[in-house]
Amino acid sequence: MKRIFSGVQPSGNLHLGNYLGAIRNFVTLQQDNDCIYCVVDQHAITLWQDPAELRQRTREVTAGYLAAGIDPKTSIIFNQSQVAAHAQLAWVFNCVARIGWLNRMTQFKDKAGKNREKASSGLYVYPNLMAADILVYKGTHVPVGENQKQHLELTRDIAQKFNNDFGVEFFPIVEPLIQGTATRVMSLRDGSKKMSSSDASDASRINMTDDADAVAKKVRRATSDSELLPDPSVVGADGQFAEDFRQARPEAANLLTIFAALTNRDLAAVVGDFEGKGFADFKKEMTEVAVGTMGQIGAEMKRMVDDPAFVDSVLRDGAERARALADPILAEVYDIVGFLRP
Ligand code: TRP
C-alpha cells in the first residue's frame with residue numbers, strides 16, 4: 001500500500017484551481033491508499049499571517065478537505081503545528097540539507113523577491129520542513145503540482161543523504177504523483193493568467209466557499225471571445241488543447257478545460273459537444289455544472305466553518321492519529337543520529 005502525504009497552506013482563499021489541481025485528487029487517492037492530508041500552518045507563517053486570519057483559514061482548508069469528500073475516518077486530516085514531530089525532524093534536516101541545495105530553489109527566489117535580505121529564515125528552510133512533513137510518516141507518494149516538483153526532488157536528496165550519512169536504509173525515496181490530466185485553471189477574467197487567491201478581482205476566481213449565486217454570476221460574467229466554439233481538431237493527442245489554440249483563444253480554452261474537468265470527461269468529447277455553438281449556450285450548461293459541484297461544496301464548507309467546534313474536533317482527532325504514526329519514526333531518527341532519550 002502506498003502512503004500518501006500532501007499538504008495545503010492556509011494562506012489564501014481556496015479556489016477552483018486548488019480544487020481541480022489538488023484537493024479533488026486527494027479524494028480519489030483515498031480509495032486504495034493510506035492517506036495523510038495536512039493543513040500546513042507552519043509553512044504559512046514563512047510569510048506574515050494575521051493570527052485571527054490564520055486560525056480562520058486553517059479551519060477553512062479543513063472544511064474544504066471535508067466538503068470535497070475526504071473522509072476523516074479513513075484518511076488523516078490535521079494541522080501541522082499540532083504534531084511537534086514535523087518541526088523536530090525539520091531541525092535534523094536543516095543539518096542534513098546543504099545550503100547550496102536551498103540556494104537552487106526557484107520558489108524561494110520568487111517568494112523572497114528583490115529584497116532577499118528581508119525574507120524570513122523560515123522561508124529559506126521551508127523545503128526542509130516540507131521534506132520532514134513527508135518523511136516523518138515515511139510517506140512514499142506525494143501528489144503535487146508542477147510548482148512543487150523541485151521541493152520533492154530535494155526531499156529525495158535529503159532522504160538519500162540521511163541514509164548515506166548514517167549508513168542506514170531508513171527513509172524511502174518518495175515519488176511524485178502526477179495527477180491525471182494536469183488541470184491548469186486560469187483566471188476567469190484573463191485566460192492568460194493563473195487563477196490565484198491573490199488576484200485583486202474576486203470575479204477572477206471561483207472560491208471554494210462561493211455559494212450557488214456567486215458561482216453562477218462568475219460563470220456568466222467570465223470573459224469570453226466573439227467567435228463560435230471550436231471543433232475537436234484543436235485538442236492534441238495528449239488530450240489537451242494545442243498551444244497555438246491556447247494562445248489564440250485563452251478564455252475559450254480555459255472555460256472548456258474547466259468544464260471537462262468538472263464533468264470528468266475527455267476534453268475532445270466536450271469540445272465536440274459544443275462545436276460551432278456560441279458562448280451563451282455553453283455558459284448556460286457550464287453554470288449548471290459549476291453550481292452543481294462548486295456551489296454544493298461552498299454550501300457544505302459554509303456549514304462547517306459556522307461550526308468551528310466540529311472542525312476543531314476533526315483536527316484534534318487527526319493530530320492524535322498522526323502523532324501515533326510520527327512519534328515512533330522520530331524516535332528512531334533520534335537513535336540513529338545519536339540523541340540520548342529518556
Ligand atoms: N509546499 C506546498 C505548497 O505550497 C505545501 C506543502 C507543505 C506540501 N508540505 C507538503 C505539499 C508536503 C506536499 C507534501 O503547495
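Along the sequence shown, residues carry numbers from 1. Ligands are counted one by one from 1 in listed order, and the atoms in each one are counted from 1 as well.
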Enquirer: Would you give me the side-chain donor-acceptor pairs under 3.5 Å for residues 266-279, sequence neighbours excluded?
Expert:
residue, atom, partner, partner atom, Å
D273, OD2, R265, NH1, 3.0
D273, OD2, R265, NH2, 3.1

Enquirer: So, does R3 use its side chain to make a donor-acceptor pair with the main chain of Y137 at under 3.5 Å?
Expert: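 Yes.
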Enquirer: For atom 3 (C) of ligand 1, what's the nearest protein heavy-atom neighbour? Residue, atom name and distance, please.
Expert: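 The answer is Q148 NE2, 3.4 Å.
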Enquirer: Is the F5 ring parallel, tilted or perpendicular to the H86 ring (thresholds 30°, 60°)?
Expert: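 Aromatic pair F5/H86 classed tilted.
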Enquirer: Tell me the protein heavy atom at minimum distance from atom 12 (C) of ligand 1, and give that distance in Å.
Expert: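 Looking at atom 12 (C) of ligand 1, the protein heavy atom closest to it is F5 CE2, 3.5 Å.
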Enquirer: Checking V289 now: which residues fulfil side chain to side chain contact (heavy atoms under 4.5 Å, CB included) with it, not counting sequence neighbours?
Expert: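 Checked V289 against side chain to side chain contact (heavy atoms under 4.5 Å, CB included); matches are F259, L262, T263.
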Enquirer: Can you check whether L14's main-chain N or O pairs, donor with acceptor, with R57's side chain at less than 3.5 Å?
Expert: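 Side chain of R57 to backbone of L14, a donor-acceptor pair under 3.5 Å: no, none is there.
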Enquirer: What protein heavy atom is closest to atom 5 (C) of ligand 1, reported as residue, atom name and distance in Å?
Expert: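 Nearest protein contact, heavy atoms only, for atom 5 (C) of ligand 1 is G7 O, 3.6 Å.
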Enquirer: Using a 4.0 Å heavy-atom cut-off, say whether N147 meets ligand 1 through its side chain, its backbone, both or neither.
Expert: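 Neither part.
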Enquirer: How close do P72 and V314 get, counting heavy atoms only, and between which atoms?
Expert: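 Heavy-atom minimum between the residues: CB-CG1, 4.0 Å.
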Enquirer: Please identify which atoms of ligand 1 are closer than 4.0 Å to at least one heavy atom of Y126.
Expert: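 Checking each atom against Y126, I get 1 (N), 2 (C), 3 (C), 4 (O).
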Enquirer: Could you list which atoms of ligand 1 come closer than 4.0 Å to a heavy atom of V142?
Expert: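 Listed by number with element, the hits are 13 (C), 14 (C).
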Enquirer: Using the rule side-chain contact (heavy atoms from CB on, under 4.5 Å), only one of N207, D213, L16, T287 pairs with K218; which is it?
Expert: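 The side-chain contact (heavy atoms from CB on, under 4.5 Å) with K218 is passed solely by N207 among N207, D213, L16, T287.
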Enquirer: Decide whether an N or O pair under 3.5 Å exists between Q107 and ligand 1.
Expert: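 No - when backbone and side-chain N and O of Q107 are compared with those of ligand 1, no distance drops under 3.5 Å.
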Enquirer: Which of the numbered atoms in ligand 1 are below 4.0 angstrom from a heavy atom of D133?
Expert: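 Those atoms are 7 (C), 9 (N), 10 (C).
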Enquirer: Do any nitrogen or oxygen atoms of K111 come within less than 3.5 Å of a nitrogen or oxygen of ligand 1?
Expert: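 No, since none of the N or O atoms of K111 sits under 3.5 Å from an N or O of ligand 1.
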